[in-house]
Protein chains: 6
Amino acid sequence: MPLVYVTRRLHFSASHRLHCEQLDEETNREIYGLCNNPNGHGHNYELEVTVRGEPDPLTGMVIDLKELKEIVEQHIISRVDHTHLNADVDFLRGTVTTAENIVLAFWHILREKFPGNELVELKLYETPRNIAVYRGE
Amino acid sequence: MPLVYVTRRLHFSASHRLHCEQLDEETNREIYGLCNNPNGHGHNYELEVTVRGEPDPLTGMVIDLKELKEIVEQHIISRVDHTHLNADVDFLRGTVTTAENIVLAFWHILREKFPGNELVELKLYETPRNIAVYRGE
Amino acid sequence: MPLVYVTRRLHFSASHRLHCEQLDEETNREIYGLCNNPNGHGHNYELEVTVRGEPDPLTGMVIDLKELKEIVEQHIISRVDHTHLNADVDFLRGTVTTAENIVLAFWHILREKFPGNELVELKLYETPRNIAVYRGE
Amino acid sequence: MPLVYVTRRLHFSASHRLHCEQLDEETNREIYGLCNNPNGHGHNYELEVTVRGEPDPLTGMVIDLKELKEIVEQHIISRVDHTHLNADVDFLRGTVTTAENIVLAFWHILREKFPGNELVELKLYETPRNIAVYRGE
Amino acid sequence: MPLVYVTRRLHFSASHRLHCEQLDEETNREIYGLCNNPNGHGHNYELEVTVRGEPDPLTGMVIDLKELKEIVEQHIISRVDHTHLNADVDFLRGTVTTAENIVLAFWHILREKFPGNELVELKLYETPRNIAVYRGE
Amino acid sequence: MPLVYVTRRLHFSASHRLHCEQLDEETNREIYGLCNNPNGHGHNYELEVTVRGEPDPLTGMVIDLKELKEIVEQHIISRVDHTHLNADVDFLRGTVTTAENIVLAFWHILREKFPGNELVELKLYETPRNIAVYRGE
């Protein structure tokens with residue numbers, strides 16, 4: 001049976017601040033520059049969630065894309081949309097909110113949520129030009 | 001010799017209806033929701049065709065992108081553009097026209113059409129947010 | 001008081017067929033070409049709705065963009081999304097479903113729906129390259 | 001002499017909170033919903049600045065687009081990029097940071113900055129789907 | 001009868017050099033900077049052509065968008081696509097190929113080409129961020 | 001430790017001509033068609049550079065995306081932006097400037113520039129529809 005990849009793209013708007021609590025203020029400013037601004041800044045994030053599986057012989061679907069969307073909305077989007085990622089999101093507490101760390105945190109939440117299929121990639125656009133991808137490696 | 005991937009993006013406009021003939025009407029409505037509307041609905045599909053090969057040492061091309069485009073237009077686009085995928089496309093007859101099944105059907109047509117190169121990926125955007133990919137696995 | 005324009009962009013997927021009932025079949029084929037295919041074809045339409053008004057001195061809003069979105073979803077999107085525009089949409093019955101006629105039909109529905117503000121433009125993308133605009137002229 | 005419009009598109013990332021100080025907390029929550037989140041949220045804003053003028057008969061330019069870009073970067077982008085619009089931007093202090101009010105504030109700063117040409121439109125994309133425009137009316 | 005605007009978006013790839021023959025080399029370099037590079041540089045241009053008219057009561061079309069496209073391809077695109085605008089395009093000879101001047105030259109060619117309708121706007125994207133518009137003023 | 005991919009998208013505008021010096025003029029015209037125009041043509045190229053590595057446990061970054069951007073700007077963008085790729089770029093001299101060959105030439109320059117991380121992919125958009133990718137195979 002063939003293995004097909006299906007991807008759903010979702011978006012959320014959030015603010016964040018790049019700041020590492022184990023480093024002093026000056027080092028934080030040196031490392032993160034403008035992104036260390038104490039009051040934060042924000043983005044229209046885009047998240048692409050890709051799962052792989054065999055299309056069901058009857059329905060022709062790997063997973064209902066509406067269901068895929070609802071799973072990600074329930075477990076991720078509803079918890080991060082219109083929030084300050086550092087202050088409002090429990091599963092990011094104590095994490096520097098780089099795109100790399102955000103995508104890893106999303107992965108840990110989503111990886112068990114598609115029984116029968118395999119989560120193979122999360123792609124996070126912080127801006128259309130800054131992107132982080134995790135594939136479970 | 002290095003292996004390079006070249007991709008051509010093409011588009012077509014088509015209508016379709018998600019409906020499985022082996023299932024009764026009520027089950028179809030439950031599974032496919034609005035997509036089961038008897039009169040169908042439609043999309044501006046985008047198709048990305050990727051082949052991999054060694055650039056010719058003289059011409060610098062894996063494949064002439066114009067030729068790649070013409071092959072896909074001849075074998076796919078001309079047969080699906082401005083059609084109802086369920087009713088008008090012979091090679092989709094009897095298939096539920098999910099993005100997964102469409103991309104598999106395209107693969108079977110295109111895989112032998114690039115002698116000297118390898119078809120490595122078909123990516124079909126049903127909408128900018130709903131995507132199916134097949135890589136021959 | 002300044003006048004500001006606010007625009008909300010919404011989308012819907014639909015199929016349609018260009019066919020004029022007052023003309024015979026051959027003339028229809030000549031005029032509309034592929035778009036006259038009896039089984040129809042489809043698009044991911046994008047609709048931009050623009051209203052103009054004075055921002056409320058307290059709230060800073062011409063109109064709550066969420067409310068603008070909900071009004072258009074209620075009166076337009078819910079009636080056209082995942083439909084065949086010719087067959088399923090009562091307010092388009094008997095109309096050739098060109099982008100021009102669709103945008104005019106939407107205007108007649110929406111023009112009275114923003115009391116306190118003025119509907120000034122509807123912009124309909126049939127594809128990213130084919131666009132119709134109505135401004136009430 | 002013909003009048004030509006030239007537009008430069010620029011971007012900035014910022015966070016904000018919709019909150020009106022003259023209203024109590026409950027009313028703020030009712031009006032602004034998720035956008036009233038005390039810790040704010042954020043966007044990748046896109047700003048299109050349009051000026052109109054006669055192309056110089058020698059240079060063929062209404063205004064050097066690089067100069068247009070630098071003027072807007074100096075007076076707007078450098079003051080709002082990577083900031084919290086409510087907390088960090090002096091010219092927005094005391095203003096509800098709706099897209100409408102932001103675009104009006106930008107206008108007051110930019111309108112005198114293009115001597116010899118006329119600032120005719122500011123278009124602010126809060127998201128690709130939420131847009132405010134001011135034309136000096 | 002209502003007046004509707006229809007727009008077709010077309011693209012072409014071309015190279016150009018900003019250089020004014022009436023000015024000396026040093027002044028050209030000062031004014032145009034990198035754009036004055038003697039060997040030129042290039043762009044994927046996008047052109048939006050907008051005409052306004054009354055939809056035909058029978059066909060529902062202001063103008064057949066396919067015909068609009070073919071007119072612009074014949075008179076503009078076929079003459080500028082895959083060319084060096086300064087060297088290869090007769091109607092641009094002696095003109096500094098700024099976006100402003102290009103759009104004016106296109107206007108003079110296209111304005112008489114839509115009898116029964118009115119050419120109301122040409123919008124030329126030199127890049128997604130640099131845009132010139134002419135409306136016949 | 002997890003391996004994360006980070007991508008930065010950059011752009012440059014350049015002209016080029018497809019022409020193979022080892023082939024005669026007629027063969028060149030046959031192979032490259034319009035792209036063989038002696039005066040060249042041009043594009044707004046987009047380049048996506050992807051490196052893979054472990055996020056630093058303290059900073060949460062695989063590589064500072066600003067630093068990634070600056071490395072690519074220094075070694076690639078500053079040498080190709082606003083140039084004629086055939087005439088002005090030393091590292092492309094004698095190369096047919098197909099997207100395949102350009103991406104290979106960029107790879108040889110960039111592959112040693114990210115110590116501690118691995119350059120895993122270069123993706124070059126000649127247009128939004130014509131794309132070449134190299135992954136070091």
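Sequence lines set the chain letters: A, B, ... in the order given, protein chains first and strands last, and positions in each chain run from 1.
- Taking the six-membered ring where tryptophan is involved, the planes of C:F91 and C:F106 are perpendicular, since the angle between them exceeds 60° and thus also 30°.
- Only the side chain of E:L65 comes within contact range of chain C, judged by heavy atoms closer than 4.5 Å.
- Neither the backbone nor the side chain of C:L124 comes within contact range of chain E, judged by heavy atoms closer than 4.5 Å.
- For C:D24, the salt bridge (charged side-chain N to carboxylate O under 4.0 Å, His left out) criterion is met by no residue, not counting sequence neighbours.
- Contact annotation for C:V96: only side-chain heavy atoms (C-beta onward) come within less than 4.5 Å of a heavy atom of chain E.
- E:E67 does not touch chain C: none of its heavy atoms, backbone or side chain, sits under 4.5 Å away.
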### Task
Take E:R111 and E:E118 through the test salt bridge (charged side-chain N to carboxylate O under 4.0 Å, His left out) and record every step on the way to the result.
CA-CA 8 Å; E:R111 75 204 226 176; E:E118 188 190 355; over 6 Å; no
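- C:W107 and C:Y134 have perpendicular rings, their planes meeting at more than 60° on a 0 to 90° scale where under 30° would count as parallel.
- Ranked by heavy-atom pairs under 4.5 Å with chain C, the first of E:L10, E:T59, E:D64 is E:T59.
- Looking at every heavy atom in both residues, C:N44 comes nearest to C:S13 through OD1-OG, 3.2 Å.
- Highest contact tally toward chain E, considering only C:I31, C:N28, C:N130, is held by C:N130 [criterion: heavy-atom pairs under 4.5 Å].
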### Task
Please report the C-alpha distance between C:N101 and C:T95 in whole Å, then the side-chain angles of each, then the deciding distance to 0.1 Å, and finally whether the side-chain hydrogen bond (donor to acceptor under 3.5 Å, both in side chains) criterion is met.
CA-CA 7 Å; C:N101 278 346; C:T95 308; 5.8 Å; no
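- Among C:E100, C:E21, C:R135, the residue making the largest number of heavy-atom pairs under 4.5 Å with chain E is C:E100.
- For E:P2, the parts sitting under 4.5 Å from any heavy atom of chain C are the backbone and the side chain alike.
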